[in-house]
J.: 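Pasting a structure below so you can have a look.
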Amino acid sequence: MSSTKEMSTVKNTTPFNGVAPSSTVRVTIVQSSTVYNDTPATLDKAEKYIVEAASKGAELVLFPEAFIGGYPRGFRFGLAVGVHNEEGRDEFRKYHASAIHVPGPEVARLAEVARKNHVYLVMGAIEKDGYTLYCTALFFSPQGQFLGKHRKLMPTTLERCIWGQGDGSTIPVYDTPIGKLGAAICWENRMPLYRTALYAKGIEIYCAPTADGSKEWQSSMLHIAIEGGCFVLSACQFCQRKDFPDHPDYLFTDWDDNKEHDAIVSQGGSVIISPLGQVLAGPNFESEGLITADLDLGDVARAKLYFDSVGHYSRPDVLHLTVNEHPRKPVTFVTKVEKAEDDSNKYSET
């Protein structure tokens, strides 16, 4: 099921009498489920949707949180306070096997898919760095370049037991021909200081890959679009019970105990909102599919006439944010390359 709201398709209009040019960008959210425990099949599914989105004119394609590798909704990994469970350890082993290295062959494939379809691509993935996993957003250019990544700064609740924390070295905003592009993953969007850092970097197309399909999430997305004076694209998976591996210990939702194969366990709700607070496409709570809208980038300036949270509406004399962008490594090796001085003849008798 596709949800599309058409706007002007005119792009890069020539200035007339000193009036600034306008620009329109078509963006598409893919609302779909991971193929769990099968990363190659998930990549095949992603490529199919990217080709479809590009065929309809999309210049940017966004996927949900943890699309590659999977959002382990309802998985318990045998965890409880003071409990260590062999079945849970093996569950994590499978989950780790589905994660990807960044860079790595899967990243190279996604870059090539972006190039072939000439789209910017923002992909949610589970990244493995050694044996620690990170919830990550990957960025690709239409030229087939891997631009970089954002690692989720603060996993939520039980996510903290299976994912590491990102640091300030991966909070990019990319200045692209279609606008300044960045991401906040799921409940990072509730972190006011992180949002402020993105606003300060000039974000215009704010990607919010998430696993929160609640109706309340829509309010957060609307608020961020108005607060940041930016377009907000929120992408969430639509999943049914049959999309997950069978396991008697899973707890899929806190609102419905239906264990039928067609039962909805992640209801989507992907949505595109303008800086003026207008819902341009979505939310879709009913099915997998594409959510598409055309963004008039002139709306960013229109919105910031009245409110620019890191500009004319800020008070740096009273409130100030410092962001540490240095990578935080647990181990640093300092290697001395010069040969140590031979002290054996340093002193001589007189």
J.: Do Ser266 and Cys236 have side chains that approach each other closer than 4.5 Å (heavy atoms only, starting at C-beta)?
T.: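 Result yes, sub-4.5 Å side-chain heavy-atom pair found.
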J.: For a side chain to side chain contact (heavy atoms under 4.5 Å, CB included) check, start with the C-alpha distance between Phe63 and Leu121, then their side-chain angles and the critical distance, and finish with the verdict.
T.: CA-CA 8 Å; Phe63 280 77; Leu121 174 63; 3.8 Å; yes
J.: Could you see if Ile29 belongs to whatever hydrophobic cluster contains Leu280? Use Ile, Leu, Val, Met, Phe, Trp, Tyr and a side-chain cutoff under 4.5 Å.
T.: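 Yes; Leu280 is reachable from Ile29 via cluster members.
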J.: With a 4.5 Å heavy-atom cut-off, do Ile272 and Val279 have their side chains touching?
T.: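 Side chain of Ile272 against side chain of Val279, heavy atoms only: no contact under 4.5 Å found.
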J.: With distance as the sole test, does Thr42 use its side chain to make a donor-acceptor pair with the main-chain N or O of Val35 at under 3.5 Å?
T.: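 Checked: pair present.
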J.: Between Gln237 (side chain only) and Thr34 (backbone N and O only), is there a donor and an acceptor less than 3.5 Å apart?
T.: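 A pair under 3.5 Å: yes.
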J.: Out of curiosity, Asp294 CG to Ser274 OG, how far, rounded to the nearest 0.5 Å?
T.: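 Taking CG in Asp294 and OG in Ser274, the distance rounds to 13.0 Å.
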J.: Mind listing the closest non-hydrogen atom pair of Ile203 and Ala183 along with its distance?
T.: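 Closest heavy-atom pair between Ile203 and Ala183: CD1-N, 4.3 Å.
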J.: Any side-chain heavy atom of Lys201 within less than 4.5 Å of one from Ile171?
T.: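 Heavy-atom side-chain distance check passes, below 4.5 Å.
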J.: I'd like to know if Lys329 and Asp167 make a salt bridge, using a cut-off of under 4.0 Å between side-chain N and carboxylate O.
T.: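 Salt bridge between Lys329 and Asp167, a charged N being under 4.0 Å from a carboxylate O: no.
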J.: Can you see whether Ser214 engages Asp212 through a side-chain donor-acceptor pair at a distance of less than 3.5 angstrom?
T.: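 On atom types as modelled, these side chains qualify, holding a pair under 3.5 Å.
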J.: How many angstroms lie between OG in Ser309 and CZ in Arg195, if you round to the nearest 0.5 Å?
T.: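 Here the rounded value is 9.0 Å.
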J.: Give a yes or no on this: more than 12 heavy atoms of other residues, nucleotides or ligands lie within 6.0 Å of atom NE2 of His326.
T.: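 Not buried by this count: 12 neighbours or fewer within 6.0 Å.
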J.: Report the distance from atom OH of Tyr194 to atom CG of Asn189, rounding to the nearest 0.5 Å.
T.: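 Interatomic distance, Tyr194 OH to Asn189 CG, rounded to 0.5 Å: 8.5 Å.
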J.: Check this for me: does any side-chain nitrogen of one of Lys304 and Asp299 sit under 4.0 Å from a carboxylate oxygen of the other?
T.: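 No.
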J.: Quick check on the hydrophobic clustering: are Val323 and Leu153 connected, directly or via other members, by side-chain heavy-atom contacts under 4.5 Å?
T.: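 Yes.
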J.: Parallel under 30°, tilted from 30 to 60°, perpendicular over 60°: which one fits the rings of Phe92 and Phe77?
T.: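 Answer is perpendicular, since the angle exceeds 60°.
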J.: Among side-chain atoms of Lys56 and Thr292, is any donor-acceptor pair under 3.5 angstrom?
T.: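 Note: Lys56 and Thr292 side chains miss the donor-acceptor criterion.
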J.: Quick one: CG on Asp44 to OH on Tyr49, what's the gap to the nearest 0.5 Å?
T.: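 Interatomic distance, Asp44 CG to Tyr49 OH, rounded to 0.5 Å: 13.5 Å.
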J.: Check the side chains of Tyr134 and Gln165 for a donor-acceptor pair under 3.5 angstrom, ignoring hydrogens and angles.
T.: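 Absent: no donor and acceptor within the cut-off.
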J.: List the steps and the verdict of ring-ring contact (aromatic ring centres under 6.0 Å, His included) for Phe140 and Tyr120.
T.: CA-CA 6 Å; Phe140 302 87; Tyr120 283 92; over 10 Å; no
J.: Do Glu112 and Arg109 sit within salt-bridge range, that is, some charged N less than 4.0 Å from a carboxylate O?
T.: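 The answer is no: the pair does not qualify as a salt bridge.
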J.: Under the criterion side chain to side chain contact (heavy atoms under 4.5 Å, CB included), I'd like the reasoning laid out for Asn117 against Val51: C-alpha separation, chi angles, the key distance, then a yes or no.
T.: CA-CA 6 Å; Asn117 292 280; Val51 169; 3.6 Å; yes
J.: Determine the minimum heavy-atom distance between Phe285 and Gln218, stating which atoms define it.
T.: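 So the two residues come closest at CZ-NE2, 3.8 Å.
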J.: Should Val265 and Phe244 count as side-chain neighbours, where that means a heavy-atom distance under 4.5 Å?
T.: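 In short, these two side chains touch, coming nearer than 4.5 Å.
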J.: State plainly whether one hydrophobic cluster holds both Trp217 and Val271, where clusters connect Ile, Leu, Val, Met, Phe, Trp and Tyr through side-chain heavy atoms under 4.5 angstrom apart.
T.: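 They do share one cluster, since a chain of ILVMFWY contacts under 4.5 Å joins Trp217 to Val271.
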J.: Identify the two heavy atoms, one from Leu233 and one from Leu62, that lie closest to each other, and give their separation to 0.1 Å.
T.: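 Answer, listing the atom of Leu233 first, then Leu62: O-CD2, 3.3 Å.
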J.: What are the two closest non-hydrogen atoms of Ala66 and Ile126, and how far apart are they?
T.: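 So the two residues come closest at CB-CD1, 3.6 Å.
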J.: So, do Val61 and Val122 sit near enough that their side-chain heavy atoms are less than 4.5 Å apart?
T.: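 The answer is no; the side chains never approach within 4.5 Å.
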J.: Enter the distance from Leu295:CG to Thr24:OG1 here, rounded to the nearest 0.5 Å.
T.: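 Between atom CG of Leu295 and atom OG1 of Thr24 there are 8.5 Å.
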J.: For the atom pair CD1 (Ile100) and CG (Leu133), what is the distance rounded to the nearest 0.5 Å?
T.: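 Output value for this atom pair is 11.0 Å.
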J.: A side-chain contact here means heavy atoms from C-beta on lying under 4.5 Å apart; do Leu138 and Phe146 qualify?
T.: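 Yes, at least one pair of side-chain atoms sits under 4.5 Å.
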J.: Do Asp296 and Arg302 come close enough that some side-chain heavy atom pair is under 4.5 Å?
T.: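 Yes. Closest side-chain heavy atoms under 4.5 Å.
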J.: Begin with the C-alpha distance, continue with both residues' side-chain angles, and end with the deciding distance and a verdict on salt bridge (Lys or Arg N to Asp or Glu O under 4.0 Å) for Glu65 and Lys152.
T.: CA-CA 10 Å; Glu65 176 181 18; Lys152 191 174 186 178; 2.9 Å; yes
J.: For Tyr313, does the OH atom have more than 12 heavy-atom neighbours from other residues, nucleotides or ligands under 6.0 Å away?
T.: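 It does not: Tyr313 OH has 12 such atoms or fewer within range.
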J.: Please check if the side chain of Glu204 supplies one atom and the backbone of Cys230 the other of a donor-acceptor pair under 3.5 Å.
T.: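 Not at all, since once roles are kept as given, no pair shorter than 3.5 Å links the two residues.
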J.: Take Val119 and Leu60 through the test side chain to side chain contact (heavy atoms under 4.5 Å, CB included) and record every step on the way to the result.
T.: CA-CA 5 Å; Val119 295; Leu60 167 67; over 6 Å; no
J.: For Gly269, is there any backbone N or O sitting under 3.5 Å from a side-chain donor or acceptor partner on Gln31?
T.: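 Looks like yes, one N/O pair under 3.5 Å.
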J.: Could you tell me whether the side chain of Pro72 reaches within less than 4.5 Å of the side chain of Ile162, counting heavy atoms only?
T.: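 Side-chain contact under 4.5 Å: yes.
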J.: For residues Ser33 and Glu288, is any side-chain donor paired with an opposing acceptor at under 3.5 Å?
T.: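 No donor-acceptor contact under 3.5 Å links the two side chains.
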J.: Working note: Asp262 + Arg241, criterion salt bridge (Lys or Arg N to Asp or Glu O under 4.0 Å); need CA distance, chi angles, decisive distance, verdict.
T.: CA-CA 6 Å; Asp262 290 336; Arg241 175 67 180 82; over 6 Å; no
J.: Of all heavy-atom pairs between Thr39 and Ser98, which one has the smallest distance, and what is that distance?
T.: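 Heavy atoms only, the tightest pair is OG1-O, 2.6 Å.
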J.: Assess the side chains of Tyr71 and Glu159: does a donor N or O sit below 3.5 Å from an acceptor N or O?
T.: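 Glu159 and Tyr71 do have a side-chain donor-acceptor pair below 3.5 Å.
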J.: Show the numbers, then the answer: is there a side chain to side chain donor-acceptor pair (under 3.5 Å) between His150 and Glu188?
T.: CA-CA 11 Å; His150 164 57; Glu188 283 186 320; 2.8 Å; yes
J.: Can Ser270 and Asn284 be said to form a side chain to side chain contact (heavy atoms under 4.5 Å, CB included), step by step?
T.: CA-CA 6 Å; Ser270 299; Asn284 174 4; 5.7 Å; no
J.: Starting from the C-alpha separation in whole Å, work towards a yes-or-no answer on salt bridge (Lys or Arg N to Asp or Glu O under 4.0 Å) for Glu86 and Arg89.
T.: CA-CA 5 Å; Glu86 289 301 322; Arg89 287 187 173 115; 2.6 Å; yes
J.: Tell me whether Thr132 contacts the main-chain N or O of Gly164 through its side chain, where contact means a donor paired with an acceptor under 3.5 Å.
T.: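 Judged by distance alone, no pair lies under 3.5 Å.
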J.: Check whether any side-chain N or O of Asp243 sits under 3.5 Å from a backbone N or O of Gln240 as a donor-acceptor pair, and report yes or no.
T.: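 Answer holds: yes.
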J.: Can Lys48 and Glu52 be counted as an ion pair, charged N to O under 4.0 angstrom?
T.: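 Glu52 and Lys48: not salt-bridged.
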J.: Do Glu106 and His101 meet the criterion of a side-chain donor-acceptor pair at a distance under 3.5 Å?
T.: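 There is no such pair between these side chains.
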J.: Is there a continuous path of hydrophobic side-chain contacts, each under 4.5 Å between heavy atoms, that joins Phe307 to Tyr199?
T.: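 Cluster IDs for Phe307 and Tyr199 differ.
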J.: Quick check: closest heavy atoms across Pro245 and Phe75, and the distance to 0.1 Å?
T.: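 Where Pro245 meets Phe75 most closely, the heavy atoms are CD-CZ, 4.2 Å.
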J.: Under a 4.5 Å side-chain heavy-atom rule over Ile, Leu, Val, Met, Phe, Trp and Tyr, are Leu193 and Tyr206 clustered together?
T.: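 Same cluster.
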